[in-house]
Protein chains: 2
Amino acid sequence: MAPSLSPNLPPEQQSASQADRFTRAREVQAVALLEDYVEMIGDLIAEHGEARVADIAERMGVAQPTATKAIARLKREGLATSRPYRGVFLTDDGAALADRVRARHRSVVALLIAVGVPETTAELDAEGIEHHVSEGTLAAFEAYLAQQNRNK
Amino acid sequence: MAPSLSPNLPPEQQSASQADRFTRAREVQAVALLEDYVEMIGDLIAEHGEARVADIAERMGVAQPTATKAIARLKREGLATSRPYRGVFLTDDGAALADRVRARHRSVVALLIAVGVPETTAELDAEGIEHHVSEGTLAAFEAYLAQQNRNK
DNA sequence: CAATAAGTATAGCGAAGGCTATAAATCGGC
DNA sequence: GCCGATTTATAGCCTTCGCTATACTTATTG
């Protein structure tokens, strides 16, 4: 009875909503990379006081020009700044996004572990999952974790 | 203390594993579309006895040529067959993949609901999340759900 | 203060997944 | 069985995100 019932309802009705789900998943994907880069740049600055292109590329697992290109996009979107041959920095917006992303990541990992996923697997899967966790789902995760802590 | 500790460990060590996580997430993303199409074609065949390009496109929320192109890729990958101006069909591999994907989707939705995510939100987020749920995480989800049913 | 090493940017390519516009094939009704 | 309507395919085109190769800056060091 889940997704694909009612073949004799107005077809636009159920199909539209399913299409919307896919459309949303596609949109999420478009910002996922930005989120990952921003979070990582934040991490690097916190750790080393600066974020260099080579480090970003290495941690993202991409070639250096790929990282440079992504940084250009971050700048276009107002999330980061950089001067040629100097480091990369986050704008206020970028830093705020990084914080949100980091918090969400932690919650997703914690929830996976809480329902019995091995820690290593949780870290691995969370990297992809987190971007698709909406505000509502995140709130539910955090409520669940709080509840769990209370009962411990 | 979780992901980005130890700035003075061999940098290749921790960075490599983080890069690996991103690399894996990227690979997952590459097959996600195939999974969605295959599942949907399976649904359409189950519902209507056939999967027509126009229906696939509508449900995926894309233009018809986009669906045609995706189907071409499915054929290249050995997951589907089709004859021009006739319907689209799944190979054995495609049908098996569709079944796996459908089952995983259901488990993800069920788990989200089980931890308190509203049903509508669960359906919405699951569409993106499911592709990143590995075998190990899926097994954990199912164990959790089984446990939950036992205690009910 | 060169010369070399290291880091960064630029150029150009490919694949994937969108799109619109248009051509070709099939289907239905007369 | 033909003709218009519907469906599918094809032909471009764009953007994103990978890549390699190469040019250009900055840093280092003899």
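Each chain gets a letter, A, B and so on, in the order the sequences are listed, and its residues count up from 1. None of these values were measured; they are calculated from a predicted model.
For B:His132 and A:His132, the ring centers sit closer than 6.0 Å to each other.
Looking at B:Thr137, its side chain never comes within 3.5 Å of a backbone N or O of B:Val133 through a donor-acceptor pair.
When each of B:Pro84 and A:Arg26 is assigned the nucleotide of DNA chain C bearing its nearest heavy atom, the one mapping closer to the 5' terminus is A:Arg26. Toward the 5′ end of DNA chain C lies the nearest nucleotide of A:Lys69, the other residue of the pair A:Lys69 and B:Leu34 mapping further downstream.
Between B:Arg86 and D:dT8 there is no side-chain N or O to OP1 or OP2 distance below 4.0 Å. Between C:dA9 and A:Thr68, a contact under 4.0 Å exists linking OP1 or OP2 to a side-chain N or O.
Per the geometry, CD belonging to B:Glu50 stands 17 Å off P belonging to D:dT6, to the nearest Å. Taking atom CD on A:Glu27 and atom P on C:dG17, their separation rounds to 17 Å, with Å as the unit. Rounded to whole Å, the distance from CD on B:Gln64 to P on C:dG17 is 17 Å. Rounded to whole Å, atom C1' of C:dG17 lies 15 Å from atom CG of A:Leu33. Note: CG (A:Asp55) to C1' (C:dG7) measures 10 Å, nearest angstrom. As rounded to whole Å, 14 Å separates atom C1' of D:dT8 from atom CZ of B:Phe89. Whole-Å rounding puts the B:Gln29 CD to D:dC17 P distance at 11 Å. Rounded to whole Å, atom C1' of C:dA6 lies 9 Å from atom CZ of A:Arg52.
Of the listed nucleotides (D:dT16, D:dG18, D:dA9), D:dA9 has the atom at the smallest distance from the side chain of B:Val53. Comparing C:dA16, D:dC19, C:dG18 against the side chain of B:Arg73 picks out C:dA16 as the nearest.
Counting any heavy atom pair closer than 4.0 Å across all strands shown, A:Ala54 reaches sugar-phosphate atoms only and no base atom.
Using a 3.5 Å distance cut-off with no hydrogens or angles, the side chains of B:Thr68 and B:Gln64 do pair a donor with an acceptor.
For CD of A:Glu119, the number of neighbouring non-hydrogen atoms (other residues, nucleotides, ligands) closer than 6.0 Å is 12 at most.
With hydrogens and angles ignored, no donor-acceptor pair closer than 3.5 Å exists between the side chain of B:Tyr85 and the base of D:dA9.
Comment: A:Arg104 engages A:Glu35 in a salt bridge, judged by a side-chain N to carboxylate O separation of less than 4.0 angstrom.
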